[in-house]
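Working notes for the structure below.
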Protein chains: 2
Amino acid sequence: MLKRERHEQIMRQINLHNRVLTTDLVDMLQVSEDTIRRDLQELSESQKLLKVHGGALSRSYQSAYDDNAIYAREAKIVIAKKTISLIKNGMVILTGGGTTIIELVKQLPVHLKATFFTISPFVAIELAKYDGIEVILIGGIFSKNSKVTFGGHVISQLAGINADLCLIGTSAIHPEYGLTDTDWEINELKKAMFQCSKHVAILCISEKLDITLRLKVAGLENIHHLITELPAEEECLREYRSRGLNIH
Amino acid sequence: MLKRERHEQIMRQINLHNRVLTTDLVDMLQVSEDTIRRDLQELSESQKLLKVHGGALSRSYQSAYDDNAIYAREAKIVIAKKTISLIKNGMVILTGGGTTIIELVKQLPVHLKATFFTISPFVAIELAKYDGIEVILIGGIFSKNSKVTFGGHVISQLAGINADLCLIGTSAIHPEYGLTDTDWEINELKKAMFQCSKHVAILCISEKLDITLRLKVAGLENIHHLITELPAEEECLREYRSRGLNIH
DNA sequence: ACACGATCTGCGTGTTTATGCGGGAATCTG
DNA sequence: CAGATTCCCGCATAAACACGCAGATCGTGT
């Protein structure tokens with residue numbers, strides 16, 4: 001068994017189960033523990049997976065609880081500040097939910113006059129602190145997981161909206177496969193949000209770049225702006241720029 | 001189960017319910033109490049959650065309302081407990097907003113199966129912590145004062161709802177003049193809510209009894225239950241009972 | 001063909017980490 | 001204040017890990 005083959009096998013397991021145990025790999029690939037350990041070491045160094053005591057985890061799947069981590073918050077504030085340059089007085093803006101969007105709302109200029117449509121109660125509550133902003137909460141079934149409203153009712157209401165800009169956080173983006181996620185209902189929702197907006201901006205911390213999940217939301221051709229905490233000229237964003245996105 | 005996985009599971013629970021019990025985690029993750037305790041210890045040290053006796057709490061959203069700042073909280077808890085006797089499995093319930101209703105939601109039985117329509121994002125967020133409850137948030141313009149959705153869009157959606165019970169807090173109630181309030185838009189909203197519900201229950205702390213404000217919402221004949229923190233036989237409730245309300 | 005270096009692999013050894021258990025302290029609840 | 005629960009501390013153990021070394025393999029240049 002060649003090293004490259006092992007690496008592929010390991011990554012296949014990671015993509016399939018989001019986790020893998022060192023001992024299982026020893027058994028599966030018929031090599032010594034040390035070899036597996038060295039493999040995981042290398043894959044970890046090249047950011048392909050997350051090495052932990054006892055095995056390894058998918059890098060995309062760790063997202064859930066990084067939200068409160070300080071470094072991620074810092075990154076999100078940077079993203080928020082960049083995003084503000086897209087927002088002008090008088091705009092009609094449609095937003096999703098998530099901590100990145102919340103952080104954006106907290107950074108908005110105090111005297112902004114705009115209309116915000118949102119599917120997230122948390123975002124609505126935060127937006128309501130600004131006098132100049134009209135907040136419209138789109139109603140529907142409230143998702144216990146994503147903490148946003150969803151379902152057919154939301155989608156049919158979206159059809160009646162014509163927004164200048166759609167701001168949305170994301171779980172995974174990839175130059176080739178575009179936006180992907182894990183929840184079918186939420187995906188349909190995002191598609192509908194994209195359709196009723198003139199421009200779409202994706203807010204995305206860098207660790208979610210170059211990752212794919214199971215379900216496709218939209219190709220990059222439907223997205224106009226990509227906003228990360230990295231400098232726009234960063235190498236790992238090159239692929240995205242060459243596909244026509246505005247990188248901030 | 002890898003340590004890191006456990007940490008993610010724990011954080012998922014925290015993000016979902018804002019709280020978690022050590023014993024539940026022991027049961028859920030199938031490890032010893034000490035291990036859970038050590039996990040919580042670590043997550044607490046890295047500021048991911050707030051460790052407390054018996055479990056842990058979310059660090060970020062310790063409820064949008066500050067528990068201790070709620071006026072007459074004890075009274076509202078009494079009201080909540082009385083109200084629960086009106087709620088049965090399978091019901092469709094429509095609620096307004098306000099701290100009294102929030103307190104009610106917090107006291108609901110864990111295994112209740114019901115459908116709740118609400119115009120308050122805060123109430124929706126609180127309701128979402130119950131697995132057995134389906135939460136539907138009615139969308140519309142978000143009022144910066146009352147923290148509920150309102151406007152024509154809300155009223156037209158209410159017309160399509162047929163609820164078993166409408167639960168609503170109040171600013172003022174009087175034996176003769178009925179329910180009164182100060183905000184015309186919110187009044188229209190409450191009228192619409194009453195119309196689409198078979199029964200209406202008013203949750204009301206005693207100091208708001210026998211008071212009138214400028215605008216009339218509804219006469220007592222439209223109300224079926226009056227719930228206060230006082231014993232039902234209290235003298236000052238006699239007038240209300242004689243007008244046909246169920247006093248709790 | 002052969003020597004050489006680079007890479008890969010497995011083994012032995014000692015270290016670190018993770019976990020469960022017991023007993024006593026601290027805290028909660030009625 | 002008394003009983004129950006929860007917490008904390010030290011210890012024991014097994015698993016996982018890091019490191020150095022040596023043998024195997026392979027490609028390359030002479």
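Here the structure is a predicted model, which means the values were calculated and not measured. We name chains A, B, ... by the order of the sequence lines, and we start the count at 1 in each one.
The salt bridge (Lys or Arg N to Asp or Glu O under 4.0 Å) contacts involving residues 80-101 of chain B comprise nothing, where partners must be two or more places apart or lie in separate chains.
Listed by chain and residue number, N89(B) satisfy the side-chain contact (heavy atoms from CB on, under 4.5 Å) test with K113(B) (two or more places apart in sequence, or in another chain). For E134(B), there are no salt bridge (charged side-chain N to carboxylate O under 4.0 Å, His left out) partners at least two apart in sequence or on another chain. Remark: E33(A) engages R37(A) in a salt bridge (charged side-chain N to carboxylate O under 4.0 Å, His left out) (not counting sequence neighbours). Contacts of L86(B) classified as side-chain contact (heavy atoms from CB on, under 4.5 Å), with partners at least two apart in sequence or in another chain: L165(B), A201(B), H225(B), I227(B), H248(B). Residues passing the salt bridge (charged side-chain N to carboxylate O under 4.0 Å, His left out) test with E235(B) are R238(B), sequence neighbours excluded. With sequence neighbours left out, the side-chain contact (heavy atoms from CB on, under 4.5 Å) criterion links R6(B) to M1(B), K3(B), L29(B), V31(B), T35(B), D39(B). Listed by chain and residue number, nothing satisfies the salt bridge (charged side-chain N to carboxylate O under 4.0 Å, His left out) test with E229(B) (two or more places apart in sequence, or in another chain). Every side-chain contact (heavy atoms from CB on, under 4.5 Å) that D24(A) has, sequence neighbours left out, goes to L21(A).
Heavy atoms of R4(A) sit nowhere under 4.0 angstrom from any nucleic acid atom.
Think of the region where chain B sits on DNA chain C: with heavy atoms and a 4.0 Å cut, that region ends 5' and 3' at dA18(C) to dC28(C).
Comparing the axis of the opening five pairs of the helix from dA1(C)-dT30(D) to dG30(C)-dC1(D) with that of the closing five pairs yields an angle of 40°, rounded to 10°.
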Base versus backbone protein contacts along nucleotides 8-26 of chain D [heavy-atom cut-off under 4.0 Å; B, S, -]: SB------SBSB-------
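The local environment of CZ in R243(A) is crowded, with over 12 non-hydrogen atoms from other residues, nucleotides or ligands closer than 6.0 Å.
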